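In what follows, chains are A, B, ... by sequence order, proteins preceding strands, each numbered from 1. Note that the structure is predicted; figures quoted are calculated from it, not measured. Keep in mind that the numbers below use all heavy atoms, side chains included, and drop hydrogens, waters and symmetry copies.
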There are 2 protein chains.
Amino acid sequence: MTTGFASGRVLRPTTKVLPEHARGHNRSLVLQTLYRLGQRSRADIARETGLTRVTVSDLIAELIGENLVIEIGQREDARPGKPATLLDLNRDAFQIVGIDLSEYATFRGALLDLDGKILERAELPLASSVGDAAADKVIALAATLIEKANRPVLGIGVGSPGVVDLAGVVLTAPNLGWIGRDLQGALTERFGLPVIVINDANAAALAEHSFGAAMGDMMLVKIGHGVGSGLLLGGTPLFGSRFAAGEIGHVMVGTNGGEVCVCGKIGCLETWLATPRLDALLAAAMTSDEKNEILREAGERLGIALAPVVGALDLAEIVLSGPTELLDGVLASATIETLRARTMPEFHGNLVLRMTTLGEDIVLRGAAVMVLSGQLGVS
Amino acid sequence: MTTGFASGRVLRPTTKVLPEHARGHNRSLVLQTLYRLGQRSRADIARETGLTRVTVSDLIAELIGENLVIEIGQREDARPGKPATLLDLNRDAFQIVGIDLSEYATFRGALLDLDGKILERAELPLASSVGDAAADKVIALAATLIEKANRPVLGIGVGSPGVVDLAGVVLTAPNLGWIGRDLQGALTERFGLPVIVINDANAAALAEHSFGAAMGDMMLVKIGHGVGSGLLLGGTPLFGSRFAAGEIGHVMVGTNGGEVCVCGKIGCLETWLATPRLDALLAAAMTSDEKNEILREAGERLGIALAPVVGALDLAEIVLSGPTELLDGVLASATIETLRARTMPEFHGNLVLRMTTLGEDIVLRGAAVMVLSGQLGVS
DNA sequence: GTTTGTTCGTAAGGTTTACTAACAAACATG
DNA sequence: CATGTTTGTTAGTAAACCTTACGAACAAAC
């Protein structure tokens, strides 16, 4: 046919939209309003969303029927008019299971409430399991946490290392010996609950955005046994053409030297920043000057690698996740200085680089956010 | 209030959705179907979109009323049943003005039909104009093209160098002496037509996606007097936190040498790749080996700069736009080889790097796509 | 104590949207 | 010529949101 705009997909819509979809959207809008702003009356929500009080009342009735929203009582403050009936999301009605598979020797999980507060914890030593054995441990950990729940479980969120597609299939995760493993399918089948499996760094980026102060255009760099990253662009996670977005551990850095990497290349980001190597170098270093120099060079290399990404994406913020004692200090300073020196100050002068505020729970909390977003938010 | 998921924006919806919005969506869906697939009957469109024949008939009646769609005649092929009435987008009903401000000494524009075919051209020598004088020339060029139109003009699309925000305000464009210039507002006021002003490289990326064979995850690198780029992620242009996404010309490349840039840094991408410098070097070179070495090194530096971006974004494709005689050959080969050598073959082994197929019209055609998308597509 | 004005939540009725069901028109096929 | 198929339209229905109107409950003013 024609070869005009035809071949592209500039015009967005790809599926039909029915009235019920609009309803679902507005329903989520009401939920989100209660979520973000807390206790509100129906009239408040109407003003906030632009919907009428009538429509809000109708949606609220539906949500109360599902036990997602509850009436708190009457507003106390003194103003003219009929006192408002305060509503809130029923934050105690459901619980979420979040699981982090990204640590080297341990699978960690937690039971969270709808606010993301951790209610219970559980962990399972990996004990060098791979393949089916490792997958069985994920299931066992999930089962333990579901048993601890004293409310209906909204769903299970899992942050996995490696490359994970949108259906929750772990395409490759070398450490766990997984290739094309349908972890999401296996968990769904086992528990009959909504399950979301997502890359660990992407989960971490989401958590930082939801719980931390992160803006919508952010890169979270996760440094541990390996080096990975998760990108949030305009508040949305980036997955990439082969679901491998953020995999920067084996990109070569700079044009002068570096060690040989397990992948065969020279001077990959991981050869500079992986924590086992840093720990080993620091242990061998004698003076604190030597130690600082090791950390400074690692930070500088990170800055060199990130500079083109910051420039190309116009990032506002970079967040580091990993061992605080290694990252937070000389290393972080060297990274931001290098970034400033290698990009345009007009555009990136107020680029922020900081540690995550979420500590070790960042991945499992991000996985929980995915569940919440999938179940209560809109597609 | 609560500090839970509240602070983030994980749950998507931010505005209410009314039934009429759904209607607009489905309307665009029908238009897009005719656009992509060409002549179809109402029943064909119903099958294609999932809407019912009744709904499609209703939408089509509306579109015919606006002269956007026309009945072509009856389908000729011999099959049972009532013969279908073929429809098509009224590709001759409107025309679009596209303008490219990115060339160094000339503003170029064209009148296009809805298929993106160029009907008329016009250009205006910039003659070193800056500020108001340069803006006046844009208006004059647009006026010239609008006069040439023999159909209603759907809108005006402008691809401008520099940083352009979502409202079409050129925040900074050094070559044109523009700072915070509301070009979109000025054109709208002058002509009373829909106007879209967008960064030149973003426009080019859109054009490559619409007319060329580009996938949804692509970076278009535009090399000329300066070096810029436009990113398409999942088919959507990326603008960045300060609307400066793609501005990679002044990112430092590598860690060994380079020339001092006008910006003060050493070894910016532009110092390796800007065409005036390449031309000068090539003119000074004696042997073809020397020339090839110049191009090879330039290509290698581009690859070094892009490798972290390819890794972080998991790009599928990189498209080069600029002087073919410089880019297409040794330089492009060196770039892709460098990229392959510096990234993970498992993920980026089938990364494609190629020249644009759209030549010098890429920016103005992309600007026209923006108009089409804004007027006929959905938000 | 009464009146006035405000705010809240609900009820009733109307509009828009897209759906299902049914049908006439127009054709191919046996 | 009878039958079956496909097209596009008409008529009626369900869902979603809107506007309008109203009772309830309160503060403030008199």
May I ask you to evaluate whether [X] reaches the phosphate of [N], defined as a side-chain N or O under 4.0 Å from OP1 or OP2?
X: A:Arg53; N: D:dT19; result: no
X: B:Lys82; N: D:dG4; result: no
X: A:Thr55; N: D:dA16; result: no

Working to the nearest 0.5 angstrom, can you tell me the gap between [X] [atom1] and [Y] [atom2]?
X: B:Gln39; Y: B:Thr85; atom1: CD; atom2: OG1; value: 12.5 Å
X: A:Met218; Y: A:Leu232; atom1: CE; atom2: CG; value: 5.0 Å
X: A:Lys16; Y: A:His21; atom1: NZ; atom2: NE2; value: 8.0 Å

Students often get this wrong, so: under 4.0 angstrom with heavy atoms, is B:Val56 touching a base, only sugar-phosphate, or nothing?
nothing

So, are [X] and [Y] salt-bridged, with charged N and O less than 4.0 Å apart?
X: A:Arg42; Y: A:Glu71; result: yes
X: A:Arg36; Y: A:Glu48; result: no
X: A:Arg91; Y: A:Asp113; result: no

Identify, between A:Lys16 and A:Ser57, the residue whose nearest nucleotide on DNA chain C lies closer to the 5' end.
A:Ser57

Using atom [atom1] of [X] as one end and atom [atom2] of [N] as the other, report the distance to the nearest whole Å.
X: B:Ile60; N: D:dG8; atom1: CD1; atom2: P; value: 10 Å
X: B:Arg23; N: D:dA16; atom1: CZ; atom2: C1'; value: 15 Å
X: A:Arg75; N: D:dA25; atom1: CZ; atom2: C1'; value: 15 Å

Partner nucleotide of C:dG9 by Watson-Crick or wobble geometry (both distances under 3.5 Å):
D:dC22

So, A:Ser41 versus A:Asp44: side-chain donor-acceptor pair below 3.5 Å or not?
yes

Would you say B:Asp217's side chain and B:Glu317's backbone share a donor-acceptor pair under 3.5 angstrom?
no

Distance-only, no hydrogens or angles: does the A:Ser373 side chain make a donor-acceptor pair with backbone N or O of A:Val369 under 3.5 Å?
no

With DNA chain D as reference, determine whether B:Ser41 or A:Leu59 sits nearer its 5' end, using the nearest nucleotide of each.
B:Ser41

DNA chain C contacts made by residues 43-51 of chain A, counting heavy atoms under 4.0 Å:
A:Ala43, A:Arg47

For DNA chain C, which nucleotides open and close the run of contacts to chain B, 5' to 3', at under 4.0 angstrom from a non-hydrogen atom?
C:dT17 to C:dA28

